[in-house]
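These notes are about the structure you will find just below.
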Amino acid sequence: MNGSSPKSVLLTFFLLSSIKWLLIPTYRSTDFDVHRNWLAITHNLPIAEWYFDDVNGTTVHTLDYPPLFAFFEAALSNNILTTSLLDSGFLDERCLELLPDANNEPTSDECVRFQRATVIGSDAILFLGAYLSTQSMAMVGEEGCGRAPWFTFLLIVTNPGLIMLDHVHFQYNGMLLGMVLMSIAFMVRGASSSQRIINNHQIWMQNVGQRWELLGAATFAALLAMKHLYLTLAPLYFFYLLRRHCFVVEKRNQNDGIAVRFSWRRLLVLAVVTLVCFLGPFVPFLMQSDPVGQMQQIMKRLFPFGRGLVHDYWAANIWALYLFMSKVATFLLRKAPIPAGIRELMESVIPFPEPQPSLVALCLLVGLWPGGIDMAWKVGRWSLVKPLCNPGKFFVHAVVFCSLSGFMLGYHVHEKAIMTAIIPMTLLATNSRDTARLYIRMCMFGLFGLLPLLFRPEELLFKVVLYIAWMCGAIYGLERIHYDRSGGRRTVLTKVDLFAFATLAVVLVFMEVIHPIAFMPSGKLEFLPLMATSVICAIGLVWCWIESCNLMIFG
C-alpha cells in the first residue's frame, strides 16, 4: 500500500480500461450527442464557424467550451486513425455529420465505441496526474503527508463519480482533473524544491522550485483554455505565485537575516508563460476576418447567463438551499392563516427573487477570499521569510476550498462540478484523521448527489453497488491507515457520519422504490426525489465546505 511504480500504474490503466470497455452499451446522456456534434463541427467546418454553427438553428448542442478543448475535439475528428476508420467503412460518415437534434442518433454501434474509446484513452492524463501528484505529496516533509501513495492513487483512478460521469453518462472529466492534479504536483514539488538545509542554516535554493512553479502555472493556464469551470482557482494561483514566485530571498549575512526583494524578471517570465499557454489557442480565432466578433461569440458561448441560476437538477449547493427555502416559504404563505396586511407584505418578497449574475459573482468573490486571496498571499509570504512547514500542503487545501467555494456559490453550476473538489481532496485523505473524515464526508454527499444522473432502472443496481462498494473500500483503507497511527482505535467514522449514511439510505429507498410505486403512477410530486437529494446533499456539503476552510487555516 505504500509503494507504486510506473509499471504498476500502466497495468492498472489497462485493467481499468478493460472494465470501462464493458460499460460501452450502458446509458449515455445528451452529452454524448453534444460531443458528437462538436466532433462534426471541427471535422466539417472552418475555424471561423466553430462557435457560430447551430446547424441552421436545429440544435442546442453548440460548441461552448474554450478553444483548446475545441482543438482537442478537432484532433479526435481529424487524424490518420479516424480517417482510416472512415475510409474503411468501420466508422460510418453519419457519425461525423452535422445533424439536427431531432435526428442525431448514431446509426452504428461503432460510432458509440469510437466516442467511448476517446474517453477511455484520455484517462491516461488522469493516471499521469494521479501518479505525479501522489509522488509529489511525499515531498511535503510533514508527518502523514504523502502516506500510502498507491492507495491514494487507486482512490483517484477508481472514483465512482468519474466512472459514472465519464464512462456511463459521457464526459471528459478525468482528463481535465488529470491536468488539475499535474498542476498541483508541479506546485507542490516547486514548494518542496525551493529550500534546503545546509549547516543548520536556511539556504534558499529557488531556481529549481521556480521551474516547477512555472510548469504548474503553465499547466493551469492550459487547463483554463480547456475548461473555464476552473476559473475559481485563478485567484489562488495568481496571489500565491505573485507573493511566493515573484519575490526573491537574499541572505545578506548572519546578522541581517533574510531580505526579500521583488523580481520583475520573474514576473515577466511567469506572465509570458501563462499568457502563451492560455491565449495561444485563441490566436487562430483572432486571425479570422472579424476577430472582435469571434471573441464576442466565444464569450457568449462560454458564459450563457440566460440559462438561469441553477440547472434543471439543482446542484447540492447554497443556491439549492436558497430555492428550497423559497419553495417552503411559498407553501407556508399559501396555506398558513396570515392577516391580509402581512400577507400582502410577504408576497412582495416571496417567492424569493433570483439573484442576478453580478450578485452571484460578488458572493463567489467573498467565498473565495479566505483561501484564494487572503491565505494564498500570507502563506506565499510566510514560506519565504519564516522556517515554516512546506507550503505545498496549504496549496492543496486551498485548491479544495476554492473548488468547493466555486461549487457552492457559482452561477448555473452542474452537480458534476463537485468532482473538482473531491479529486484534489484525495491527496490529503491519508494525512490525518480530520482530513480522512472530511474526504469521506465529501464523497458520501458529493457522489450520492450524482446517482440521479443514471436514472434508468437498468443502471440502478450498478450505481448503488458501485457507490456502496467503493465507499466501503475507501473507509476500510483509511481506517487501516489511521488505525495503525492511533494505537489501535478506529478513528475515521463518527456517530454523526453513521447517521448521515442512514439518512442517505432512507433518501435512496424513497427515490428508487417508494416514489416510483406510490407517487409516479399518479404524476404527483415528480420533483420531490431530486429536490430531497439536492437539499440533503447540500446540507452535508456546506458542512464539508466550512470544515475545509477550518483545516486550510488551522490544519
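Start at 1 with the first residue, then count along the sequence.
The aromatic rings of His414 and His412 sit perpendicular, their planes meeting at an angle over 60°, well past the 30° parallel limit. Using bins of under 30°, 30° to 60° and over 60° for the plane-to-plane angle, the ring pair Phe401/Trp545 lands in the parallel bin.
Under 3.5 Å, the side chains of Arg94 and Asn104 contain no donor-acceptor pair of N or O atoms. Defined by atom type and a distance below 3.5 Å, a donor-acceptor pair is present between the side-chain atoms of Thr82 and Asn79. Side chain to side chain, Asp54 and Thr59 fail the donor-acceptor criterion of an N or O pair below 3.5 Å.
Nearest approach of Leu508 to Leu451, heavy atoms of both residues: CD1-CD1, 4.4 Å.
Side-chain contact between Thr426 and Phe153 is absent, with no heavy atoms from C-beta onward closer than 4.5 Å. Between Ile80 and Thr83, every side-chain heavy-atom pair lies at or beyond the 4.5 Å cut-off.
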Exercise. Can Phe239 and Tyr237 be said to form a ring pair (Phe, Tyr, Trp, His ring centres under 6.0 Å), step by step?
Worked result: CA-CA 6 Å; Phe239 286 101; Tyr237 275 82; over 10 Å; no
Exercise. Which is it for Tyr27 and Phe455 under the ring pair (Phe, Tyr, Trp, His ring centres under 6.0 Å) test, yes or no, and what are the steps along the way?
Worked result: CA-CA 9 Å; Tyr27 161 78; Phe455 57 88; 5.2 Å; yes
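With sequence neighbours excluded, no residue forms a salt bridge (Lys or Arg N to Asp or Glu O under 4.0 Å) with Asp166.
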All N/O donor-acceptor pairs, side-chain side in residues 61-73, below 3.5 Å, sequence neighbours left out:
unit_1 : atom_1 : unit_2 : atom_2 : d
Asp64  : OD2    : Arg307 : NH2    : 3.3
Tyr65  : OH     : Lys227 : NZ     : 3.2
Glu73  : OE2    : His35  : ND1    : 2.8

Distance-only criterion, 3.5 Å: show the donor-acceptor pairs between side-chain atoms of residues 510-522 and protein atoms not counting sequence neighbours.
unit_1 : atom_1 : unit_2 : atom_2 : d
Glu512 : OE2    : Lys463 : NZ     : 2.9
His515 : NE2    : Leu525 : O      : 2.8
Ser522 : OG     : Phe519 : O      : 3.0

N/O donor to acceptor pairs below 3.5 angstrom from side-chain atoms of residues 274-294, sequence neighbours left out:
unit_1 : atom_1 : unit_2 : atom_2 : d
Thr274 : OG1    : Leu270 : O      : 2.9
Thr274 : OG1    : Ala271 : O      : 3.1
Gln288 : NE2    : Pro284 : O      : 2.7
Asp290 : OD1    : Gly293 : N      : 3.2
Gln294 : NE2    : Ala48  : O      : 2.8

Between side-chain atoms of residues 175-182 and protein atoms elsewhere (two or more places apart, or another chain), which donor-acceptor pairs fall under 3.5 Å?
none

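For Ser136 (side chain) and Ala185 (main-chain N/O), a donor-acceptor pair under 3.5 Å exists by modelled atom type.
A salt bridge links Asp123 to Lys20: one of the charged nitrogens lies within less than 4.0 Å of a carboxylate oxygen.
Seen from the ring of Phe32, Arg28 counts as a face-on cation partner, given the 6.0 Å and 45° thresholds.
For residues 528-538, no residue pair satisfies the side chain to side chain donor-acceptor pair (under 3.5 Å) rule, not counting sequence neighbours.
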